[in-house]
Amino acid sequence: MTTMLFLAGVVLVFVGIALSIALHEIGHLVPAKRFGVRVPQYMVGFGPTVFSRRRGETEYGVKAIPLGGYIRMIGMFPPRAGDEPGTIRTSSTGRFSQLADEARAQSFEEVRPGDEDRLFYKLSVPKKITVMLGGPMMNLLIAFVIFGGIFTLYGTVQTSPTLSSVSECVDLTKSGQSTAQECTPDMPKAPANEAGLRPGDTITAINGQAVTTWDEVRAQIRANGDREMRIAVDRGGRDETVTATPIVLDQPKIGDDGRVVEDAKGQPVLEQAGFLGASGTPVRVKQPVTEVPALFGDMLVTTFSAVAKIPQKLVGVYQAAFGSEERDPESPMSVVGVGRVAGEVASSDEFGTPVEKLMMIISLIGSLNLMLFAFNLIPLLPLDGGHVAGALWEGVKKGWARVRGLPDPGPVDVAKALPLAYGVALTFIAMTVLLVYADIVKPIKLL
């Protein structure tokens, strides 16, 4: 049964990834066709074709390696100035120049009579940007629908001021810790325990100031330091007040967004703050539709931050894969790692009810779409962001020419950047190989 559930989780997340890739490419396909560009091919995956069918002028199909997808548009690169479209200069020197000329020629291979005005490079700058941003925007839309549904229909986990646990003692020898796992005679009682707080108490006010969330409780305790404080609680319907004196400890610094502040190495930044030794109770709260944009915006910020840290995180992945270092649970994963995590969630009772496990896997698919959106905006070929950067540069050149009364400089020759694109592609391949290997020999484990 456990094996079947593991496989079900893997299949579910891979179906989600495949659909996300397919919709990403549709995001490119629809505006390209709308603007009149001929698209001979729409494919999900790479390598040998497993299945395909032609509808109209486009072949739709699935390939064997499900690590991406593409649409092929005619006339992606403009010919060199003075050259006939689809020709290669016999005088081209240098391997890089030949690569660019070959790419230009290939982009014209399927041009037929009557296609002269259906070439991608002839689109206006806004239309080029629309076509190339269509894929990432589709991933953004998928993520928004997924998380919008989760926020409003299922809810988000928040910590209430009702105490779920009260620590017995505190280990003062450990920095950044919260409670001791085992108490010894030389360890002082936790302030909450000393004050007589109990699991089930709901904190309603601190020093006369009403509190309704655990974040407010935590902020008051941390700011109070080691001064005496009055804590009002609702205990089984009765209002009671206790007096507690927090201990000042080195604790992870909490930012204005409620998250732990990290240093350049990704380690928590510690600060001296008041410590009580009690924990709130996690509860699931359905959010109003009006809260969705802000919650989703926070996720976007976190995703872009994660993308920016990928080079740094890859160093840790390498050290974990080929050394004795532990794998950072926040490090990037390949599709192998994602499948393994989904299988682990589906097959373990530690992740709650079947509905809770399903929501975790759907959230994983939503997070992958956010990552696809952010990653594809990197302004490097062959990513979508690289093509967008080329179109924006074309717009700048044309605008400057109009201001100065100069002739239209024509489309930007993105083919000149192909050597860089090949280098970026090789880097991505190496990164994928490293992540797959690490996910096999040193996988991220949730338990």
Side-chain angles (χ1 to χ4, degrees), residues 1-24 44-47 50 62-69 139 142-143 146-147 150 154 157 266 299 302-303 306-307 309-376 427-447:
M1 184 64 178
T2 301
T3 302
M4 292 299 294
L5 287 173
F6 186 93
L7 291 176
V10 173
V11 170
L12 179 58
V13 79
F14 273 107
V15 168
I17 293 173
L19 288 175
S20 299
I21 293 170
L23 290 171
H24 174 101
V44 177
F46 298 105
V50 176
V62 176
K63 290 184 174 287
I65 305 174
L67 295 179
N139 293 124
I142 294 169
I146 287 176
F147 287 114
I150 290 174
Y154 184 63
V157 175
M299 297 191 72
T302 302
T303 301
V307 170
K309 293 177 181 177
I310 285 178
Q312 170 189 329
K313 294 289 186 181
L314 285 175
V315 174
V317 172
Y318 179 88
Q319 291 172 342
F322 296 98
S324 58
E325 298 288 332
E326 287 297 319
R327 180 82 180 269
D328 181 357
E330 299 296 325
S331 64
M333 292 184 290
S334 69
V335 290
V336 173
V338 171
R340 185 166 188 157
V341 166
E344 189 174 331
V345 169
S347 60
S348 174
D349 293 334
E350 296 293 327
F351 298 102
T353 66
V355 171
E356 289 173 329
K357 292 191 282 188
L358 177 62
M359 289 300 104
M360 285 187 68
I361 294 175
I362 292 176
S363 296
L364 180 60
I365 294 171
S367 297
L368 286 170
N369 275 277
L370 276 179
M371 186 61 72
L372 284 171
F373 166 72
F375 194 77
N376 270 290
T427 301
F428 289 161
I429 291 172
M431 182 178 75
T432 300
V433 171
L434 170 62
L435 291 176
V436 169
Y437 178 76
D439 287 336
I440 293 173
V441 301
K442 194 73 73 70
I444 292 175
K445 295 181 180 180
L446 302 182
L447 296 175

Nearest heavy-atom contact between Ala143 and Asn369 is CB-CB, 4.1 Å
Tell me, with the steps shown, if Lys442 and Phe322 meet side-chain contact (heavy atoms from CB on, under 4.5 Å). CA-CA 9 Å; Lys442 194 73 73 70; Phe322 296 98; over 6 Å; no
Can you measure from NZ (Lys445) to CZ (Arg327) and round to the nearest 0.5 angstrom? 11.5 Å
Counting distance only, does the side-chain N/O of Gln312 pair as donor-acceptor with the main-chain N or O of Lys309 below 3.5 Å? no
Out of curiosity, Glu344 CD to Ile444 CD1, how far, rounded to the nearest 0.5 Å? 10.5 Å
Check: Gly337 main-chain N/O paired with Asp439 side-chain donor or acceptor under 3.5 Å: yes
Going from CZ on Phe147 to CG on Leu370, what distance comes out if it is rounded to the nearest 0.5 angstrom? 5.5 Å
Do the side chains of Lys357 and Asp349 get nearer than 4.5 Å, heavy atoms only? yes
Minimum side-chain heavy-atom gap Leu435-Met333 below 4.5 Å: no
So Val13 and Ile365, do their side chains get closer than 4.5 Å, heavy atoms only? yes
Between the CG atom in Leu364 and the CD1 atom in Ile17, the distance rounded to the nearest 0.5 Å is 7.5 Å
What's the separation between atom CG in Leu434 and atom CD1 in Ile429, rounded to the nearest 0.5 Å? 14.0 Å
Please report the closest heavy-atom contact between Ala321 and Val441, naming both atoms and the distance. O-CG2, 4.0 Å
Where is the tightest heavy-atom contact between Ala346 and Ile361, given as atom of each residue plus distance? CB-CD1, 4.1 Å
Looking at Glu330, I want to see if its CD is surrounded by more than 12 non-hydrogen atoms of other residues, nucleotides or ligands under 6.0 Å. no
Can you tell me how far CG of Leu372 sits from CG of Leu23, rounded to the nearest 0.5 angstrom? 11.5 Å
When you look at Phe373 and Ile142, which way does the side-chain contact (heavy atoms from CB on, under 4.5 Å) test go after all the steps? CA-CA 10 Å; Phe373 166 72; Ile142 294 169; over 6 Å; no
Please examine the side chains of Ile362 and Met359, heavy atoms only from C-beta on, and report whether any two atoms are closer than 4.5 Å. yes
So, Ser348 side chain and Phe351 main chain: donor-acceptor pair closer than 3.5 Å or not? no
Does atom CZ (Phe428) have a neighbourhood of more than 12 heavy atoms from anything else shown, all under 6.0 Å? yes
What pair of heavy atoms forms the shortest contact from Pro332 to Val317, and how long is it? CD-CG2, 4.3 Å
Any non-hydrogen side-chain atom of Ile150 less than 4.5 Å from a side-chain atom of Ser363? yes
Tell me the closest heavy-atom pair linking Ile65 and Gly47, and the distance in Å. CD1-CA, 4.5 Å
To check you understand the geometry: which heavy-atom pair defines the closest contact between Asn139 and Ser20, and what is its length? ND2-O, 3.7 Å
